[in-house]
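Before any comments, here is the structure.
Remember, it's 1-based here, ligands and their atoms both numbered in the order they're listed.
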Amino acid sequence: MMLEQKATITSHQKIAPRVFLMAFASPQMAAQASPGQFVHLKPSAPGPLLLRRPFSINRVEGKNIFIMYRVVGRGTSLISSLPKGTEIDVLGPLGNGFEISRKYQEHVLLAGGMGLAPMQFLAGRLKAMKLESRFFYGCSCKKELLPCPTPGKVIATDDGSCGHKGFVTDAFLSRIDKFKKPVVYACGPWPMLRRTALICRQHHIDCQVSLEAFMACGVGACQGCVVKGVKEYVTVCRQGPVFDSREIDWEQESGL
Ligand SMILES: Cc1cc2nc3c(=O)[nH]c(=O)nc-3n(C[C@H](O)[C@H](O)[C@H](O)COP(=O)(O)OP(=O)(O)OC[C@H]3O[C@@H](n4cnc5c(N)ncnc54)[C@H](O)[C@@H]3O)c2cc1C
Ligand code: FES
């Protein structure tokens, strides 16, 4: 059940250049949240930010919900200035989240850049369910690597300054024959998701992608976040953000 409430920031720190990790207390949301879902938030105090901003749930610890975000514009810059103890206005948990099924033998996670944000929660849930998982994380260079505690992950950097040289999708493709009855979960920029979807289609692998879009209401009312599906337009906030990669029309340009 979606909740709208004021929550107190319990920790807020910079973890990399322009990247912050924030926790806020919400026992009810924490109890309900599942990997791949997101929260929509803005400062409680009246100010310049009228619309909420969407952020994936990075993990849940006790009553705390964590988000990990990059400062890219006015909203994230304002949110990054809020100290511990401040109240924020939160709507969540929103969206559908990843579907986890025991019918697969290996659960393969692909994260590109800030697409790492929801994957820690997913990796933790898979581990708690004692499911076999593989983690691939890619970014442009070593300097952009974000803290990711998951052991045994494969790192890829575009310039080769750390781990596999090339895109995270190449690192995944180079190991694809080793996976037994896999499913893929991917989050990252549109071109990475498109490439992942194509690889999975060619290898007959089920694939779930977490999409991003500009959002206003966050609950399916404004049609602001629609993307083209193969059959019909879909709302990322309500029908997603996680989709079966076969449902999306990958020929369209991302609006972001
Ligand atoms: C379901 C969902 C989950 C998300 N989870 C995270 C997360 O965990 N961590 C994180 O850092 N970001 C996440 N985002 C993106 C985040 O919401 C945007 O970066 C943020 O709303 C930008 O707000 P702003 O006011 O700072 O930027 P604006 O001033 O609105 O825009 C500044 C720049 O950011 C780009 N931008 C705006 N919105 C998005 C977007 N939705 N995705 C990508 N680029 C955008 C614009 O193209 C523009 O170049 C998520 C988005 C969605 C839809
Ligand atoms: S943001 Fe309003 S319908 Fe998705």
Does Lys153 reach the main-chain N or O of Thr150 with its side chain, forming a donor-acceptor pair under 3.5 Å? yes
Taking non-hydrogen atoms only, is Ala221 closer than 4.0 angstrom to ligand 2 via side chain, backbone, both or neither? backbone
Quick check: does Met215 get an N/O under 3.5 Å from an N/O on ligand 1? no
Counting only heavy atoms, tell me which of Val72, Val71, Ile67 gets closest to atom 19 (O) of ligand 1. Val72
Among Arg52, Lys42, Gln5, which residue meets the side-chain hydrogen bond (donor to acceptor under 3.5 Å, both in side chains) test with Asp89? Arg52
Please classify the Cys225 to ligand 1 contact at 4.0 Å (heavy-atom distances, strictly less than): side chain, backbone, both or neither. neither
Backbone or side chain, does any N or O of Arg70 fall under 3.5 Å from an N or O of ligand 1? yes
For Ala216, take its heavy atoms, then give the atoms of ligand 2 lying under 4.0 Å from any of them. 1 (S)
Any N/O of Pro54 closer than 3.5 Å to an N/O of ligand 1? yes
Please find the pair of heavy atoms, one from Val71 and one from Phe20, that lie closest to each other, and give the distance. CG2-CE1, 3.6 Å
Applying a heavy-atom cut-off of 4.0 Å, say which part of Cys222 lies close to ligand 2: side chain, backbone, both or neither. both
Identify, by atom number and element, the atoms of ligand 1 in contact range of Tyr69, meaning under 4.0 Å from any of its heavy atoms. 9 (N), 10 (C), 11 (O)
Could you pull out, from Pro118, Gly36, Ser56, Gly75, the option with a heavy atom nearest to atom 24 (P) of ligand 1? Gly75
Which of the atoms of ligand 1 are close to Ala213, meaning less than 4.0 Å from one of its heavy atoms? 41 (N), 53 (C)
For atom 3 (S) of ligand 2, grab the closest protein heavy atom and report residue, atom and distance to one decimal in Å. Gln223 N, 3.2 Å
Indicate, as side chain, backbone, both or neither, the part of Ala117 found under 4.0 angstrom from ligand 1 when only non-hydrogen atoms are considered. side chain
Salt bridge Asp170-Lys165, side-chain N to carboxylate O under 4.0 Å: no
ang(SG Cys225, atom 4 (Fe) of ligand 2, SG Cys237) rounded to 10° is 100°
Does atom CD of Glu99 have more than 12 heavy-atom neighbours, drawn from other residues, nucleotides or ligands, at distances under 6.0 Å? no
With the threshold set at 4.0 Å, does a side-chain nitrogen-carboxylate oxygen contact exist between Glu144 and Arg70? yes
Go through ligand 2 atom by atom and flag the ones less than 4.0 Å from a non-hydrogen atom of Gly220. 3 (S)
Nearest heavy-atom approach of His164 to Ser174 is CE1-OG, 4.3 Å
Please verify the inter-ring angle class for Tyr69 with Phe55; under 30° counts as parallel, over 60° as perpendicular, anything in between as tilted. tilted
Near Gly218, which atoms of ligand 2 are under 4.0 Å from a heavy atom of that residue? 1 (S), 2 (Fe)
Short side-chain to backbone donor-acceptor contact, Arg18 and Ala16, under 3.5 Å: no
Think Arg59 forms a cation-pi with Phe66, using NZ or CZ under 6.0 Å from the six-ring centre and within 45 degrees of its axis? yes
Among Gln37, Arg74, Glu212, closest by any non-hydrogen atom to atom 13 (C) of ligand 1: Glu212
Check this for me, if you would: do Arg134 and Glu106 make a salt bridge, where the nitrogen-to-carboxylate-oxygen distance has to be below 4.0 angstrom? yes
